[in-house]
Amino acid sequence: MVENASARPDMTIVRVFDAPRRLVWQAWTEAERLAQWFGPKGFTNPVCEVDARPGGMLRVTMESPDGSLYPMEAVFDEVVAPERLVWTTSVEHDGNVSFDIRQVTTFVERDGKTEVTTQAFVLRSTPEAAEALGGMEQGWSQSLDKLGDVLAGG
Amino acid sequence: MVSNAASDRLSTTLAALADPTRRAILARLASGETSVTELAKPFRMTLPAVSKHLKVLERAGLIARGRSAQWRPCKLDAGPMRDVAEWVQNYRRFWDTSFDRLDDYLIDVQAKEKNRGRKR
């Protein structure tokens with residue numbers, strides 16, 4: 001799947017961290033560091049494996065305070081230390097892949113602080129879903145641009 | 001982490017939305033119901049081609065068609081799109097709270113590095 005350069009992200013979050021980029025990059029790419037912050041408040045990560053190189057896997061199992069487990073897997077598409085990290089993850093339901101999300105994260109250092117921008121692109125639906133829809137298209141890699149406009153208009 | 005009971009319907013909605021023509025049709029319908037002929041005008045497409053797109057949107061529950069045989073007006077149904085918006089919102093919340101924790105972690109780890117430096 002090729003990232004559509006003109007595609008608008010479906011989610012963008014920008015945050016400035018009061019830490020040098022080297023440290024922020026390590027927090028994203030070293031398992032024992034990632035495990036300490038990834039996931040909602042109160043969650044732990046009993047499984048956290050990070051193989052940060054193109055084609056490498058990210059495997060995290062989050063555990064909520066009530067003991068529910070939320071496994072997540074992603075494949076690294078791009079790893080450009082210490083400035084750019086791209087992975088693709090599949091959102092599943094009942095063991096069937098429903099759609100993919102490409103997560104693009106960039107790290108920019110300014111005056112000893114680090115600006116992190118993370119963007120999510122919804123990439124495609126499953127072939128099964130495509131078939132259900134009449135097989136009109138295959139291998140979509142379109143983002144949901146204009147969704148916001150439609151929602152605003154509706 | 002983000003799967004939920006509604007994600008099957010969600011994937012159908014996302015698939016239907018993953019086409020620029022269909023998004024344009026929805027954008028047009030956001031300003032009111034209209035006929036297929038009217039919808040087809042800006043797209044330089046045959047009526048059957050537009051009808052195909054409308055069927056996909058209808059199956060995804062994004063539009064409703066009127067029942068009268070001659071003039072079956074198309075109407076936007078924003079319900080499934082709210083599912084998508086809700087999913088995106090949950091995903092955003094996930095990252096927001098993770099970033100709060102990352103902030104805490106980075107403050108913590110730098111304080112520890114400083115302490116270690118002092119002890120040396």
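In what follows, chains are A, B, ... by sequence order, proteins preceding strands, each numbered from 1. The figures that follow rest on heavy atoms only: side chains count, while hydrogens, waters and symmetry mates do not.
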Asks: For residues Thr97(B) and Phe43(A), determine if any side-chain heavy atom of one lies less than 4.5 Å from a side-chain heavy atom of the other.
Replies: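 No, side chains not in contact.
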
Asks: Given heavy-atom pairs under 4.5 angstrom as the criterion, report whether the side chain, backbone, both or neither of Asp77(B) touches chain A.
Replies: neither

Asks: Short question: side chain of Arg101(B), backbone of Gly39(A) - any donor-acceptor pair under 3.5 Å?
Replies: yes

Asks: Could you check Thr12(A), Thr105(A), Ile13(A) and say which one makes a side chain to side chain contact (heavy atoms under 4.5 Å, CB included) with Trp95(B)?
Replies: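 Of the listed options, the one satisfying the test is Ile13(A).
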
Asks: Can you get from Leu47(B) to Ile25(B) by hopping between Ile, Leu, Val, Met, Phe, Trp and Tyr side chains that sit under 4.5 Å apart?
Replies: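 Yes; tracing contacts between hydrophobic side chains, which count when under 4.5 Å, links both residues.
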
Asks: Looking only at heavy atoms, what is the nearest atom pair of Val109(B) and Leu23(A), with distance?
Replies: CG1-CD2, 3.5 Å

Asks: In the structure I gave you, are the side-chain heavy atoms of Met11(A) and Phe94(B) within less than 4.5 Å of one another anywhere?
Replies: no

Asks: Hey, can you tell me if Phe99(B) and Phe17(A) have their rings parallel, tilted or perpendicular (30° and 60° cut-offs)?
Replies: perpendicular

Asks: Given the rule that I, L, V, M, F, W and Y join up when any side-chain heavy atoms are under 4.5 Å apart, are Phe43(B) and Leu57(B) in one cluster?
Replies: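 Same hydrophobic cluster.
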
Asks: Counting C-beta onward and ignoring hydrogens, is there a side-chain heavy-atom pair between Leu106(B) and Trp37(A) closer than 4.5 Å?
Replies: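 Answer no - side chains too far apart.
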
Asks: Surrounding CG of Asp66(A) (heavy atoms of other residues, nucleotides or ligands, distance under 6.0 Å), is the total greater than 12?
Replies: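 Yes, CG of Asp66(A) has more than 12 neighbouring heavy atoms, counting only those of other groups under 6.0 Å.
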
Asks: Over all heavy atoms of both residues, which pair between Ser98(B) and Pro40(A) is shortest? Give the atoms and the distance, please.
Replies: OG-N, 4.4 Å

Asks: Is Val75(A) reachable from Leu34(A) through a run of I, L, V, M, F, W or Y residues, each pair having side-chain heavy atoms under 4.5 Å apart?
Replies: no

Asks: Sort Glu73(A) into side chain, backbone, both or neither according to what part of it lies under 4.5 angstrom from a heavy atom of chain B.
Replies: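 Neither; nothing under 4.5 Å.
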
Asks: If you apply the rule side chain to side chain contact (heavy atoms under 4.5 Å, CB included), what do you find for Arg15(A) with Asp100(B), and how did you get there?
Replies: CA-CA 10 Å; Arg15(A) 189 80 77 94; Asp100(B) 290 345; 2.9 Å; yes

Asks: Tell me every residue that passes side chain to side chain donor-acceptor pair (under 3.5 Å) with Glu30(A), counting only those two or more places apart in sequence or in another chain.
Replies: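 Testing Glu30(A) for side chain to side chain donor-acceptor pair (under 3.5 Å), a comparison that skips the adjacent residues, returns Arg33(A).
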
Asks: Considering only heavy atoms, which portion of Val24(A) lies under 4.5 Å from any heavy atom of chain B: side chain, backbone, both, or neither?
Replies: both

Asks: Looking at Gln26(A), Gln36(A), Lys41(A), which one has more heavy-atom pairs under 4.5 Å with chain B than the rest?
Replies: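 Of the options given, most contacts go to Gln36(A).
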
